[in-house]
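Let me begin by presenting the structure, written as structure tokens, before commenting on it.
Only this structure's heavy atoms are used, side chains among them; waters, hydrogens and symmetry mates stay out. Convention: sequence-line order gives letters A, B, ...; per-chain numbering from 1.
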Amino acid sequence: MPSRPTRIRDLKLATEPFERSILNTRYTSRAEMEAAITSMAPEAPAETVSTIAEASYTGWRWIDGGNFQTLLDRPETVRIVLNTVFYVAATLAFNVFVGLFLAITTFYLPKTGAGFFSVLWLLPRITPVVLYAVMWKWFTWDNGFLYVIADQLGLPFNYMKGSVPTAWATIILVNGFVGASFGMILFSGALRAIPVQQLWASEVDGASRWQQIRRIILPQLRWPILFVTSYQTLSLLSSYEGIWLTTNGGPGSTTTVWALEAFNTALNNYTGNLEYGMGAAMALILVAVGLVLSILYLRMFRFDELVNKPRIEF
Amino acid sequence: MTRNFSAWPIYALLGILSAPLAVMYLFLVIDTFTNAPPGSLIPNEFTLHHWRFLWDASVTGDVWGPTATTFLFATTMVVIVLAVSSTAGYAISRLNLPFRRFFLSGIMVMHAFPSVTLIIGVFLVLQFAGLYNTLIGVILVKASLMLPFGVWIMKGFYDQVPWEIEMAGVQDGASRFTVWRRLILPQVMPGLLSLGIFAFIDGWSEFMLPRILAPSANFQVLSTYLNVVSDPNSTTYNFNLFKSVGLFYTLPILVLFAVFQNRLMNIFGGGTKG
């Protein structure tokens, strides 16, 4: 609108007349609306009128936890929970194992080679998520990279949203390639903190690289691994922009996770039928799960050491 | 350490694992300057055709307006984040604050728990405050969602400043504020710089908040612009064009990353992305 008032105050004043209208119309009370409907269609039974009034109410209303009840009753809920568990578990496994692999290999490789790979894996972390999604689309879309390769090799090809396995593979990899660098950075830091004399000593005793990794490095990485696992469980539980921008939960709702469903319910419905209350209920469950996990982690990682008492008392 | 292993199998494994990334970033650059015949990936001609969106607004719409808005968005956010984190971090690290424990654990929970989940509540609050669909609203939300991370990082930097510096200042009769301003702040400048750069990159990349909290506003940032432009189902279906816009959008970030890579490393360790 070109003549839209710029000041919020003016805008609020201007919206007032729009809050009441007739059959495209707002009424201040239910009785008024029912009266209007009856005057317009006198033959309508009272039951229908009240159903219409019920359904057309768009304000807030206390419903005694009805949203949670609906969630419990809906058959899709189980499906979405299972999707979420699978998504978090698979992406987490990818993140931790690839992060560990990257950290250990770059630790042993000469500096230039190691530097190249760590920068390459850091790039997804700094690339804006929209561009990152565009790159993945190019990689997996019709006429994209995989399509051309498969075409030239005569292999069958299904684009990103063409089948359930490809959709899952896409979203796990999209999030995995971003998340792996987090593990890589933390593990690399922890690796550099290991006294190098231990590695020298093991070499004098004739240990192979594998034995070094198995007996010296991995035991000392126990806490970082636990930390990365717990931290990323939380972030994966509630991150959905990668999924939203690539498969958007499709095909159908086969790759829809809890956070994406909450977001779509409340704010991104195609038909415009936005259910804030329902979406907020779903988000609240996620927040509760997150809080419980965080408190567990705070205990586990000895939070008390972080709060030293100040030494100047004013 | 001795080389009691051969490096090439490791390079091969790493190469296979990193291949998708290498391919994507390689073609991100190549495709913006070249054309390839249909059904092939090897380019056969050099062209600047895909960059015409820079001066020809009829291709994808004006790109400079969104660029300016994005810059404004990112810098304002950096200013807010730096101002609050540098003071709040100090208070939580050093001052005898009531409920200090509570604040710290709260920040840690917020930090560990990505705040995008709160977006529905934030949306309702913004609408109530009349800031929905405005740039100021999005900036405020983005900055406040960034704050737990910023405060947390700054607390870490303040923790490493020796108490003796502070005590010496207090001994000489300076107030706590002067001590902070004249003695402590210069010590944490590197941290402040890294946090500022990180916040700028984060603000520059932000997509969700402008998209959700200002969907029909009369401004666009580059991320929403790119998202509209680069829909594979659109009429301008051309990945080379999408990638050119994307590369233009990401260039400032890549430059910052290349220049400040080492400074950023200590921040990435506490990163916010999954």
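Contacts between A:Tyr147 and chain B at a heavy-atom distance below 4.5 Å are absent for every atom of the residue. Both the backbone and the side chain of A:Leu120 come within contact range of chain B, judged by heavy atoms closer than 4.5 Å. Interface remark: A:Phe177 contributes side-chain atoms only to the contact with chain B (heavy atom separation under 4.5 Å). Contact of A:Leu245 with chain B is made through the side chain alone, with heavy-atom distances under 4.5 Å. Contact of B:Leu28 with chain A is made through the side chain alone, with heavy-atom distances under 4.5 Å. No part of A:Ala259 comes within reach of chain B, as not one of its non-hydrogen atoms sits under 4.5 angstrom from that chain. For B:Pro20, the parts lying near chain A are the backbone and the side chain together; criterion is any non-hydrogen pair under 4.5 Å. Heavy-atom distances place no part of B:Ile92 under 4.5 Å from chain A, backbone and side chain included. Interface residue A:Trp136: backbone and side-chain heavy atoms are both found under 4.5 Å from chain B.
Contact annotation: the side chain of B:Val245 never approaches that of A:Leu131 to less than 4.5 Å [non-hydrogen atoms, C-beta and beyond]. For the pair B:Phe257/A:Arg125, no side-chain contact is recorded, criterion being any heavy-atom separation below 4.5 Å from C-beta on. Within the 4.5 Å cutoff, side-chain heavy atoms of A:Trp121 are placed close to those of B:Leu17. Using a 4.5 Å cut-off on side-chain heavy atoms (C-beta onward), B:Thr250 and A:Ile126 make no contact. Put simply, the side chain of B:Phe239 reaches to within 4.5 Å of the side chain of A:Lys137, judged on heavy atoms.
The distance from the OG atom of A:Ser118 to the CD atom of B:Gln261 is 7.0 Å, given to the nearest 0.5 Å. With rounding to the nearest 0.5 Å, the separation of CH2 in A:Trp244 from CD1 in B:Ile212 is 5.0 Å. The distance from the CE atom of A:Met135 to the CG atom of B:Leu21 is 7.5 Å, given to the nearest 0.5 Å.
The local environment of CG in B:Leu251 is crowded, with over 12 non-hydrogen atoms from other residues, nucleotides or ligands closer than 6.0 Å.
Put simply, of B:Phe207, B:Tyr11, B:Tyr25, the one with the most heavy-atom pairs under 4.5 Å next to chain A is B:Tyr25. Chosen from A:Leu123, A:Val134, A:Leu284, the residue pairing most often with chain B at heavy-atom distances under 4.5 Å is A:Leu123.
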Please tabulate, for side-chain N and O atoms in residues 220-227 of chain B, each donor-acceptor pair with protein atoms closer than 3.5 Å (sequence neighbours left out).
from: B:Ser223; atom 1: OG; to: B:Glu206; atom 2: O; distance (Å): 2.6
from: B:Thr224; atom 1: OG1; to: B:Val221; atom 2: N; distance (Å): 3.3
from: B:Thr224; atom 1: OG1; to: B:Val221; atom 2: O; distance (Å): 2.9
from: B:Tyr225; atom 1: OH; to: B:Thr60; atom 2: O; distance (Å): 3.4
from: B:Tyr225; atom 1: OH; to: B:Thr60; atom 2: OG1; distance (Å): 2.6
from: B:Tyr225; atom 1: OH; to: B:Gly61; atom 2: O; distance (Å): 2.9

- Task: Start with the C-alpha gap between A:Leu102 and B:Leu14, add the side-chain angles, then the distance that decides, and say whether side chain to side chain contact (heavy atoms under 4.5 Å, CB included) holds.
- Result: CA-CA 8 Å; A:Leu102 288 171; B:Leu14 267 177; 3.4 Å; yes

- Message: Using the rule given for side chain to side chain contact (heavy atoms under 4.5 Å, CB included), can you reason through B:Leu13 versus A:Thr105, listing the C-alpha separation, both sets of side-chain angles and the distance that settles it, and then say yes or no?
- Response: CA-CA 10 Å; B:Leu13 261 178; A:Thr105 47; over 6 Å; no

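When ring centroids are compared, A:Trp138 and B:Phe242 stay outside the 6.0 Å threshold.
For B:Phe123, the ring pair (Phe, Tyr, Trp, His ring centres under 6.0 Å) partners are A:Tyr276, B:Tyr132, not counting sequence neighbours.
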